[in-house]
S.K.: 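First the structure, then my questions, so here it is.
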Amino acid sequence: IYPKARAAAMKAIEIDPTTADAHGVLAEIAKGYDWDWAVAELEYKRALQLNPSSSAIHAWYADYLSLMERHDEAIAELRRSHELDPVSIVSEAFFGFLYYRARRYDEAIAVCQKTLELAPKYPNANWFMALALEKEGRLPEAIASLQGAVSNSRAPLFKALLGHAFGLAGERAKARSIIEEIKLLSKQQYVSPVDFAIVYTGLGDREMAFQWLE
């Protein structure tokens with residue numbers, strides 16, 4: 001999809017070089033497809049120069065800054081996004097992910113709990129909270145959080161994350177049962193090999209994890 005997105009964004013820029021969203025898309029492509037960090041930052045800054053009121057582009061730039069381990073800048077950037085769209089559940093939950101990446105686990109858990117009070121069925125909040133709970137060794141709570149995500153989303157990723165947590169908790173039979181579930185699911189829809197690797201890392205089976213990653 002990325003090459004098609006690039007072509008569409010370039011066409012938009014041909015029509016109007018001041019189209020902020022098109023520059024934002026090019027930044028996302030540089031980040032997520034090309035891994036060209038310098039171009040990504042230039043395009044984010046260009047997009048925000050053209051439209052400093054874009055909540056979405058501020059959020060995308062926050063993700064980039066977080067990946068670059070510029071955590072304080074990332075959180076500040078997401079705050080700008082949230083100020084522009086204060087009712088966005090997506091950005092509220094994403095604070096949890098940025099705090100997790102910054103290893104600020106208590107803050108990640110707190111913000112995800114707040115999000116789930118506002119939107120109990122938003123699975124990403126369960127996901128981000130579970131990541132932080134795992135790091136704090138609170139595995140039963142992480143499992144409960146991921147069970148919430150699985151009950152509210154059909155995405156295979158959430159099943160894989162639950163299998164990972166089961167593996168970490170020593171519930172190996174349940175983790176292996178998840179592997180069988182996503183194998184069956186892969187006959188009906190696309191399941192990323194990464195999802196299998198996630199479960200195997202929870203089980204401590206590095207050889208199988210690497211096979212799926214390769």
S.K.: Taking the side chain from T19 and the backbone from D21, do they hold a donor-acceptor pair closer than 3.5 Å?
M.R.: no
S.K.: If hydrophobic clusters are built by linking Ile, Leu, Val, Met, Phe, Trp and Tyr wherever their side-chain heavy atoms come under 4.5 Å apart, do I57 and L67 end up in the same one?
M.R.: yes
S.K.: Tell me whether F196 is reachable from M208 by hopping between hydrophobic residues (I, L, V, M, F, W, Y) whose side-chain heavy atoms are closer than 4.5 Å.
M.R.: yes
S.K.: Side chain of S91, backbone of H82: donor and acceptor closer than 3.5 Å?
M.R.: no
S.K.: State whether F97 and R101 meet the cation-pi test: NZ (Lys) or CZ (Arg) under 6.0 Å from the six-membered ring centroid, and within 45° of the perpendicular axis.
M.R.: yes
S.K.: Take atom CD in E207; do more than 12 heavy atoms of anything else shown fall under 6.0 Å from it?
M.R.: no
S.K.: Is a side-chain donor or acceptor of Y200 paired with a backbone partner of W212 at a separation under 3.5 angstrom?
M.R.: no
S.K.: Is there a side-chain contact between P156 and F158, using heavy atoms and a 4.5 Å cut-off?
M.R.: no
S.K.: Tell me if a side-chain donor or acceptor on N126 pairs with a main-chain N or O of S145 at a distance below 3.5 Å.
M.R.: yes
S.K.: Closest approach of A165 and E134, non-hydrogen atoms and distance?
M.R.: CB-OE2, 3.5 Å
S.K.: Distance check, rounded to the nearest 0.5 Å: S55 atom OG versus L84 atom CG?
M.R.: 5.5 Å
S.K.: I need the C112 SG to K114 NZ distance, nearest 0.5 Å.
M.R.: 11.5 Å
S.K.: Just by distance, do the side chain of S153 and the backbone of V150 share a donor-acceptor pair under 3.5 Å?
M.R.: no
S.K.: How about Y105 and Y99: are their ring centroids closer than 6.0 Å?
M.R.: no
S.K.: Test E28 against Y44 for side chain to side chain donor-acceptor pair (under 3.5 Å), laying out the working first.
M.R.: CA-CA 8 Å; E28 286 290 280; Y44 285 125; 2.4 Å; yes
S.K.: Would you call R80-E77 a salt bridge at under 4.0 Å N-O?
M.R.: yes
S.K.: Is a donor on one side and an acceptor on the other found under 3.5 Å between the side chain of H58 and the backbone of P52?
M.R.: yes
S.K.: Looking only at side-chain N and O atoms, does E41 offer a donor or acceptor that is under 3.5 Å from a partner on Y61?
M.R.: yes
S.K.: Would you say D16 has more than 12 foreign heavy atoms packed within less than 6.0 Å of its CG?
M.R.: yes
S.K.: Okay, side chain of S186, backbone of K183: is any donor-acceptor separation there less than 3.5 Å?
M.R.: yes
S.K.: So which heavy atom on Q189 is nearest to which on R154, and how close?
M.R.: NE2-O, 4.2 Å
S.K.: Closer than 4.0 angstrom, basic N to acidic O: yes or no for D36 and K31?
M.R.: no
S.K.: Going from CD1 on I179 to CZ on R176, what distance comes out if it is rounded to the nearest 0.5 angstrom?
M.R.: 5.5 Å
S.K.: Does H164 reach the side chain of T201, with side-chain heavy atoms less than 4.5 Å apart?
M.R.: yes
S.K.: I'd like to know if the side chain of H23 and the backbone of I13 have a donor-acceptor N/O pair within less than 3.5 Å.
M.R.: no
S.K.: With clusters defined by side-chain heavy atoms of hydrophobic residues (ILVMFWY) lying less than 4.5 Å apart, directly or transitively, does V194 cluster with L162?
M.R.: yes
S.K.: Answer yes or no: are there more than 12 heavy-atom neighbours, outside M10 itself, under 6.0 Å from its atom CE?
M.R.: no
S.K.: Looking at every non-hydrogen atom in both residues, tell me the closest pair between I178 and F166 and how far apart they are.
M.R.: CG1-CD1, 4.3 Å
S.K.: Do the side chain of N51 and the main chain of A47 share a donor and acceptor less than 3.5 angstrom apart?
M.R.: no
S.K.: Can you see which heavy atom on L203 is nearest to which on A175, and at what distance?
M.R.: CD2-CB, 3.7 Å
S.K.: Rounded to the nearest 0.5 Å, what separates atom CG in L98 from atom NE2 in H71?
M.R.: 9.0 Å
S.K.: Can you check whether F128 and Y100 have ring centres sitting under 6.0 Å from each other?
M.R.: no
S.K.: Show your working on side-chain contact (heavy atoms from CB on, under 4.5 Å) between L133 and E141 and close with a plain yes or no.
M.R.: CA-CA 7 Å; L133 288 165; E141 292 170 80; 3.9 Å; yes
S.K.: Among the clusters formed by ILVMFWY side chains lying less than 4.5 Å apart, do F94 and Y122 turn up in the same one?
M.R.: no
S.K.: Go through the steps for M129 and V111 under the test side-chain contact (heavy atoms from CB on, under 4.5 Å), then give the verdict.
M.R.: CA-CA 8 Å; M129 184 161 71; V111 77; over 6 Å; no
S.K.: Under 3.5 Å, side chain of R6 to main-chain N/O of I29, donor-acceptor pair present?
M.R.: no
S.K.: When rounded to the nearest 0.5 angstrom, what distance separates CG in N124 from CG in N152?
M.R.: 11.5 Å
S.K.: Nearest 0.5 Å, please: how far is CG in L78 from CD in E92?
M.R.: 9.0 Å
S.K.: Taking the side chain as everything from C-beta on, heavy atoms only, tell me whether L26 gets closer than 4.5 Å to E43.
M.R.: yes
S.K.: Please report the shortest heavy-atom distance between A20 and L50, naming the atom on each side.
M.R.: CB-CB, 3.9 Å
S.K.: Same cluster or not: are I143 and I198 linked, directly or through other Ile, Leu, Val, Met, Phe, Trp or Tyr residues, by side-chain heavy atoms under 4.5 angstrom apart?
M.R.: yes
S.K.: Test side-chain contact (heavy atoms from CB on, under 4.5 Å) on I89 and L118 and set out the steps.
M.R.: CA-CA 8 Å; I89 294 300; L118 298 169; 3.8 Å; yes
S.K.: Please find the pair of heavy atoms, one from T115 and one from A125, that lie closest to each other, and give the distance.
M.R.: CG2-CB, 4.0 Å
S.K.: More than 12 non-hydrogen atoms from neighbouring residues, nucleotides or ligands closer than 6.0 Å to CG on L184, yes or no?
M.R.: yes
